[in-house]
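Chain A is the first sequence line, chain B the second, and so forth, proteins listed ahead of strands; every chain is numbered from 1.
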2 protein chains.
Amino acid sequence: MSLRHALLGVLSMREMSGYDIKRHFDRAVHFVWNASDSQIYRELRQMERGELIVSRVVPQEGKPNKRLYQLTDAGVTELDHWLASPVERPYSKEPFLLRLFFLSRVSYEDARKLLEARLGEVESLLDVAAERLQIFSDPTRSGRPEALWWQTRLIEGMRRVQSAEGAWLRELIRDLDTSQRNEAGEPGARGEGGQGS
Amino acid sequence: MSLRHALLGVLSMREMSGYDIKRHFDRAVHFVWNASDSQIYRELRQMERGELIVSRVVPQEGKPNKRLYQLTDAGVTELDHWLASPVERPYSKEPFLLRLFFLSRVSYEDARKLLEARLGEVESLLDVAAERLQIFSDPTRSGRPEALWWQTRLIEGMRRVQSAEGAWLRELIRDLDTSQRNEAGEPGARGEGGQGS
DNA sequence: CGAGACATGTAACCTGTTACATGATTCC
DNA sequence: GGAATCATGTAACAGGTTACATGTCTCG
């Protein structure tokens with residue numbers, strides 16, 4: 001139930017509405033967790049029923065009223081308890097790797113396209129990381145320096161992991177090309193009996 | 001709906017029962033996808049209703065009867081269509097990274113424990129990778145060589161990504177220790193209140 | 001005698017996605 | 001005039017988890 005903990009986490013920084021949280025998720029938390037707005041609103045109501053958070057309605061003019069949430073003591077306790085609890089084992093749901101597993105079924109061209117597309121995703125995540133580091137290095141930036149320290153290290157870790165994946169993908173594409181060219185090859189293409197699509 | 005595609009993939013290798021699939025998942029596919037047995041059985045029934053697979057019951061003595069599934073033409077088409085379709089964007093649900101995001105809330109000891117535990121997970125995944133490569137290098141091993149080529153590259157990719165994460169974690173632990181020792185530090189521990197810049 | 005492999009499933013529940021509804025204000 | 005922002009939600013469905021039920025055989 002990690003969405004709950006993500007919400008407790010962002011609310012520990014400041015009082016926020018569902019809408020604020022959604023925006024904050026999309027900007028800052030996005031590559032570690034994401035959620036749709038309806039999921040966030042539903043979870044907030046459930047958490048309020050469970051007394052981890054309380055809300056107050058703030059009337060506004062010209063805009064819809066908003067409902068601001070903040071943590072209760074029980075919420076703070078729950079957050080800190082989660083942070084100190086044993087790690088979950090890593091998610092093993094990787095649609096891309098699952099495809100690789102069966103990629104010998106498809107043609108050289110389709111395989112190559114898939115690898116290139118993934119490389120594109122990886123590179124765009126690297127751009128996001130660079131951009132985040134830029135934001136963090138802004139000296140006028142507010143916020144607790146310890147939080148910044150951890151978030152910077154987190155981005156750094158992501159950068160290194162994505163770099164490793166990128167390097168691997170580039171090698172893989174290169175090897176696929178060479179073994180395709182001299183046909184001596186291992187690689188996947190079904191080739192002989194091919195039905196088209 | 002990637003469980004469906006994972007099931008189509010393993011059934012493309014050979015006819016299997018739900019139980020066979022579960023075992024195969026746990027052994028070979030586990031770090032790219034996993035599923036509970038009840039989920040597998042449910043999805044198989046739905047796929048049979050959708051005519052992607054067909055089953056036949058094989059009576060057995062001393063053991064429960066079993067139901068073997070194989071792909072229909074529609075199932076093969078669906079599998080190949082998925083393999084050639086655009087990549088999903090990477091899953092952004094990483095409970096560990098989510099914790100890091102808020103880790104400035106916890107004490108040095110708790111933070112360190114968490115990082116060590118994650119390092120343990122990463123190292124055990126590296127062991128799994130090594131073991132898989134061992135199995136693949138068995139010359140008596142059966143199976144299509146193109147499938148083996150892709151699966152070997154997949155494991156290699158996983159190895160490199162996990163290595164990168166391991167290296168990052170070790171540095172992070174080291175830096176946490178040093179800045180804890182000379183107290184000059186940034187790192188997270190809430191503890192005593194204001195140390196500053 | 002008990003544990004574990006074999007084999008398939010139901011029921012209840014929780015989590016996540018998609019589509020839809022509402023309605024004022026601001027910017028192009 | 002139309003899109004985007006602000007703001008909160010409902011309803012229906014799909015995907016995933018957990019607990020439970022059943023029964024035989026084999027191994028130690």
Side-chain angles (χ1 to χ4, degrees), chain A residues 1-8 11 15-27 29-30 32-50 52-53 55-69 82 88-95 98, chain B residues 1-8 11 15-27 29-30 32-50 52-53 55-69 82 88-95 98:
Chain A
M1 193 189 293
S2 273
L3 172 59
R4 170 159 301 193
H5 298 124
L7 295 175
L8 289 171
L11 288 176
E15 193 184 30
M16 278 193 251
S17 69
Y19 192 83
D20 294 333
I21 292 175
K22 175 61 178 156
R23 265 174 33 249
H24 191 252
F25 257 57
D26 286 346
R27 275 184 307 122
V29 194
H30 189 259
V32 299
W33 207 267
N34 65 8
S36 62
D37 45 358
S38 56
Q39 205 190 344
I40 290 171
Y41 286 121
R42 181 175 57 182
E43 187 64 27
L44 286 172
R45 263 174 289 128
Q46 283 173 18
M47 287 161 72
E48 186 162 31
R49 272 207 297 282
L52 298 171
I53 55 179
S55 68
R56 60 192 181 95
V57 175
V58 178
Q60 299 189 114
E61 285 165 35
K63 302 181 193 179
N65 296 344
K66 62 181 171 181
R67 181 178 290 271
L68 292 179
Y69 289 93
W82 169 66
E88 303 88 351
R89 61 193 31 233
Y91 247 65
S92 46
K93 306 221 160 164
E94 295 290 346
L98 183 61
Chain B
M1 193 188 293
S2 272
L3 171 60
R4 170 158 302 192
H5 298 122
L7 294 175
L8 290 171
L11 287 176
E15 194 184 29
M16 279 193 250
S17 68
Y19 192 83
D20 294 333
I21 293 174
K22 175 63 179 152
R23 267 177 27 252
H24 190 253
F25 256 57
D26 285 346
R27 275 185 307 123
V29 193
H30 188 260
V32 298
W33 206 265
N34 65 7
S36 63
D37 44 359
S38 55
Q39 204 191 346
I40 290 172
Y41 287 121
R42 181 174 57 179
E43 186 65 25
L44 286 171
R45 265 175 286 126
Q46 283 173 15
M47 287 162 72
E48 186 162 30
R49 272 209 295 285
L52 298 171
I53 56 179
S55 68
R56 60 195 181 93
V57 175
V58 178
Q60 297 190 112
E61 286 165 32
K63 301 180 195 176
N65 296 343
K66 63 180 172 182
R67 182 178 289 271
L68 293 178
Y69 290 93
W82 169 66
E88 303 88 350
R89 60 192 33 230
Y91 248 65
S92 45
K93 306 222 159 162
E94 297 288 345
L98 183 61

What integer distance in Å separates [X]:[atom1] from [N]:[atom2]?
| X | N | atom1 | atom2 | value |
| --- | --- | --- | --- | --- |
| B/Arg23 | C/dC6 | CZ | C1' | 9 Å |
| B/Arg42 | D/dT18 | CZ | P | 13 Å |
| B/Gln46 | D/dC13 | CD | P | 14 Å |
| A/Lys66 | D/dA7 | NZ | P | 5 Å |
| A/Leu44 | D/dG9 | CG | P | 9 Å |
| B/Arg56 | C/dT8 | CZ | P | 13 Å |
| B/Ile40 | D/dG15 | CD1 | P | 15 Å |
| A/Met47 | C/dT15 | CE | C1' | 14 Å |

_Closer than 4.0 angstrom, basic N to acidic O: yes or no for B/Asp20 and B/Arg23?_
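Salt bridge between B/Asp20 and B/Arg23, a charged N being under 4.0 Å from a carboxylate O: yes.
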Just call it for [X]: base, sugar-phosphate, or nothing, with non-hydrogen atoms closer than 4.0 Å on any strand.
| X | answer |
| --- | --- |
| A/Arg4 | nothing |
| B/Gln60 | sugar-phosphate |
| B/Arg67 | sugar-phosphate |
| A/Lys22 | nothing |

Within the pair [X] and [N], is there a side-chain N or O less than 4.0 Å away from OP1 or OP2?
| X | N | value |
| --- | --- | --- |
| A/Arg45 | D/dT10 | yes |
| B/Tyr41 | C/dG9 | no |
| B/Gln39 | D/dG15 | no |
| A/Tyr19 | D/dC6 | yes |

Quick one, [X] and [Y] - any side-chain contact, counting heavy atoms below 4.5 Å?
| X | Y | result |
| --- | --- | --- |
| B/Leu44 | B/Ile21 | yes |
| A/Trp33 | A/Leu7 | no |
| A/Lys93 | B/Lys93 | no |

_Using heavy-atom distances to pick each residue's nearest nucleotide on DNA chain C, tell me which of B/Ser17 and B/Lys93 is more 5'._
B/Ser17
*Can you check whether A/Ala35's main-chain N or O pairs, donor with acceptor, with A/Lys22's side chain at less than 3.5 Å?*
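Side chain of A/Lys22 to backbone of A/Ala35, a donor-acceptor pair under 3.5 Å: yes, one is there.
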*Would you say the base of C/dT18 and the side-chain of A/Ser38 have a donor-acceptor pair closer than 3.5 Å?*
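By the distance-only test, yes, there is a pair.
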